[in-house]
Amino acid sequence: MKFRVMITNRFGLILLAMIFFAVSCKVATEQEKITPVSQEYAFNKVEEFCKQFKIDCKSKKLDGVFPANYFYMFGLHVRWDEDYFRGAHVLCEQTKDSPNDKYVHFLVRDKSKEIELYANVALYEMYMSKRAWYKKTRQSRMLEFMPEDKAKQIFNSLAKKLQIPSDMVFEKINKNDPIYGSVWSAVWLRKRNDYRYEGDAISISIMGATGEFVAYTKTYRGVPCSTEMKISKEQAIEIGWKKLQKYFTWKMKKIGEKARALYEVNAEPLIIQTGAFGRSSKPVKIKGSKLAWVIRYTFTGGFEKWKELGLPDEYFEVRIDATTGRILYTSPMRPWFIRWFGELSVKK
């Protein structure tokens, strides 16, 4: 009996030790992934950045908010989700006069431990206030944009300093409307075997007349994955259409194939990642990255037809594995009883 108890106890201890080890390893791994950057680390990264690009950042503080209107102001490309903004938000107060916001904004992301957002709002505000003064006095010098070729040279120089990854492919250069901000902006999109990573991009903005480096964003989260394409565009559209039909109102089902003419279809192959997309907060449940057909069906039959058919959903998105044809995601649809009562409420 004692011998059996001893074995049992030893076995129990070993089992507990294994469980403790597994749990501790798991917790440690999770903590490594979400460990926030410290204030000291964030300040050091900002100082390095400011020194490299000759930006005044003598006074620094942490702040938890990055105003969304800055992206429109600078013509920046950024993926919109909560995860992007997790990190240390650093503000550097400027010594020069600025009419409104006197700060340079930085974001050191928790995951990458790098500066992935920079916006020199103080410089922008000073420039725009001068622009307004010149416009008021009927002088156009501050309203002019430098030639595109010269802007491209500046972007290429900044791209080298920022060490843009080799899989980021130059996409376009934009001249933003002076009403919203006199800036040139350039965008790089991340690709693998000519397939684009959804959301992964870099954008750089410079002041339109002076070429001063005013803003920068970087989203780089996807991991290399297989780009084997076995499902054609036509096959993917059919798979998505069959799924959409399940959510049709009974009046839509009644007209059968004629319903196709009421929808505009857009299908694009993208390397997608786990996260929220489009108009939904529902996550795509995949591990890492995956090549998928992203298909959007938009009702274009008009308002009267929409009422006549019982208020069908106006927008539907489906994501289909480009290798297996498996549906990875569908945008949330209204429950059947809401669609039913919605039909009953439509004037006949």
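Please read all numbers here as calculations on a predicted model, not as lab measurements. We count residues from 1, following the sequence as given.
Between the side chain of Thr323 and the main chain of Glu228, a donor-acceptor pair closer than 3.5 Å is present. A donor-acceptor contact shorter than 3.5 Å links the side chain of Thr249 to the backbone of Leu309. Side-chain atoms of Trp306 never come within 3.5 Å of backbone atoms of Gly301 as a donor-acceptor pair (strictly under, hydrogens ignored). Side chain of Asn193 to main chain of Tyr195: no donor-acceptor pair is present (N/O by atom type, distance under 3.5 Å, no hydrogens or angles). Of the possible donor and acceptor atoms, one in the side chain of Asp200 sits under 3.5 Å from a partner among the backbone N and O of Gly222. Here the side chain of Trp188 pairs no donor or acceptor atom with the backbone of Ile164 at under 3.5 angstrom. Put simply, the side chain of Lys54 never gets that close to the backbone of Lys51: no donor and acceptor are under 3.5 Å apart. Here the side chain of Ser185 pairs no donor or acceptor atom with the backbone of Ile204 at under 3.5 angstrom.
No single ILVMFWY cluster, assembled from side-chain heavy atoms under 4.5 Å apart, contains both Phe170 and Val187. Placement of Leu123 and Leu117 within a single hydrophobic cluster is found when ILVMFWY residues are connected by side-chain heavy-atom separations under 4.5 Å, directly or transitively.
Of all non-hydrogen atoms in Asp110 and Pro36, the two that sit nearest each other are OD1-CA, 3.3 Å. The two residues Ile272 and Ala292 have their closest heavy-atom pair at CD1-CB, 3.9 Å. Asp321 and Ile231 make their closest contact through O-CG1, 3.8 Å (heavy atoms, listed as atom of the first residue, atom of the second, distance). Between Leu291 and Cys225, the shortest heavy-atom distance links the atoms N-SG, 4.2 Å. In terms of heavy atoms, Lys161 sits closest to Gln52 at O-NE2, 3.1 Å. Heavy-atom minimum distance, Ala88 versus Val37: CB-CG2, 3.4 Å.
Here the CZ atom belonging to Arg296 is positioned 12.5 Å from the CZ atom belonging to Phe316, to the nearest 0.5 angstrom. To the nearest 0.5 Å, the span separating OH on Tyr220 from OH on Tyr197 amounts to 7.0 Å. For the atom pair CZ (Phe53) and OH (Tyr118), the distance works out to 8.5 Å, reported to the nearest 0.5 Å. We find the NZ-CD distance between Lys305 and Glu308 to be 4.0 Å, quoted to the nearest 0.5 Å. In this structure, CD1 on Ile271 lies 10.0 Å from CZ on Arg196, to the nearest 0.5 angstrom. Annotation: the span from Glu171 atom CD to Ile202 atom CD1 amounts to 13.5 Å, rounded to 0.5 Å.
At a threshold of 4.5 Å between non-hydrogen side-chain atoms, the residues Asp167 and Arg190 count as touching. Arg192 has its side chain within reach of Pro224: a pair of non-hydrogen atoms, C-beta onward, lies under 4.5 Å apart. With a 4.5 Å cut-off on side-chain heavy atoms, Trp184 and Ile206 count as touching. Between Leu62 and Val90 the shortest side-chain heavy-atom distance falls below 4.5 Å. Side-chain contact between Phe49 and Leu162: present, with at least one pair of heavy atoms (C-beta onward) separated by less than 4.5 Å. Side-chain contact between Ile255 and Lys251 is absent, with no heavy atoms from C-beta onward closer than 4.5 Å. Side-chain contact between Lys243 and Ile239 is absent, with no heavy atoms from C-beta onward closer than 4.5 Å.
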**Message:** Please evaluate residues Leu91 and His105 with respect to the criterion side-chain contact (heavy atoms from CB on, under 4.5 Å), reporting the C-alpha separation (whole Å), side-chain torsions for both, the decisive distance (0.1 Å), and the verdict.
**Reply:** CA-CA 5 Å; Leu91 299 181; His105 295 242; 3.1 Å; yes
**Request:** Show your working on side-chain contact (heavy atoms from CB on, under 4.5 Å) between Tyr297 and Ile237 and close with a plain yes or no.
**Result:** CA-CA 9 Å; Tyr297 304 84; Ile237 289 173; 4.1 Å; yes
**Message:** Assess the residue pair Glu114 and Lys45 against the criterion (side-chain contact (heavy atoms from CB on, under 4.5 Å)); give the C-alpha distance rounded to whole Å, side-chain angles, the decisive distance to 0.1 Å, and a yes or no.
**Reply:** CA-CA 7 Å; Glu114 296 294 332; Lys45 294 299 291 185; 3.3 Å; yes
**Request:** Test salt bridge (charged side-chain N to carboxylate O under 4.0 Å, His left out) on Arg260 and Glu238 and set out the steps.
**Result:** CA-CA 11 Å; Arg260 284 181 178 267; Glu238 284 302 313; 2.9 Å; yes
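Using the six-membered ring where Trp is involved, Tyr263 and Phe299 have ring planes that are perpendicular, over 60° apart on the 30 and 60° scheme.
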Please report, to 0.1 Å, the donor-acceptor pairs under 3.5 Å made by any side chain of residues 145-160, with sequence neighbours excluded.
| from | atom 1 | to | atom 2 | distance (Å) |
| --- | --- | --- | --- | --- |
| Asn156 | ND2 | Lys152 | O | 3.3 |

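Partners of Cys50 under the side chain to side chain contact (heavy atoms under 4.5 Å, CB included) rule, at least two apart in sequence or in another chain, are Val46, Ile55, Cys57, Phe106. Every side chain to side chain contact (heavy atoms under 4.5 Å, CB included) that Val169 has, sequence neighbours left out, goes to Lys191. Every residue two or more places apart in sequence or in another chain was checked for a ring pair (Phe, Tyr, Trp, His ring centres under 6.0 Å) with Phe43, and none qualifies. Legend: residues meeting salt bridge (charged side-chain N to carboxylate O under 4.0 Å, His left out) with Arg326, ordered by chain and number and at least two apart, are absent.
Here Lys60 pairs with Glu47 in a salt bridge; the nearest charged N to carboxylate O distance falls below 4.0 Å.
Cluster note: Val223 groups with no other residue, as no ILVMFWY side-chain heavy atom lies under 4.5 Å from it.
Heavy atoms from other residues, nucleotides or ligands lying under 6.0 Å from NZ of Lys242 number 12 at most.
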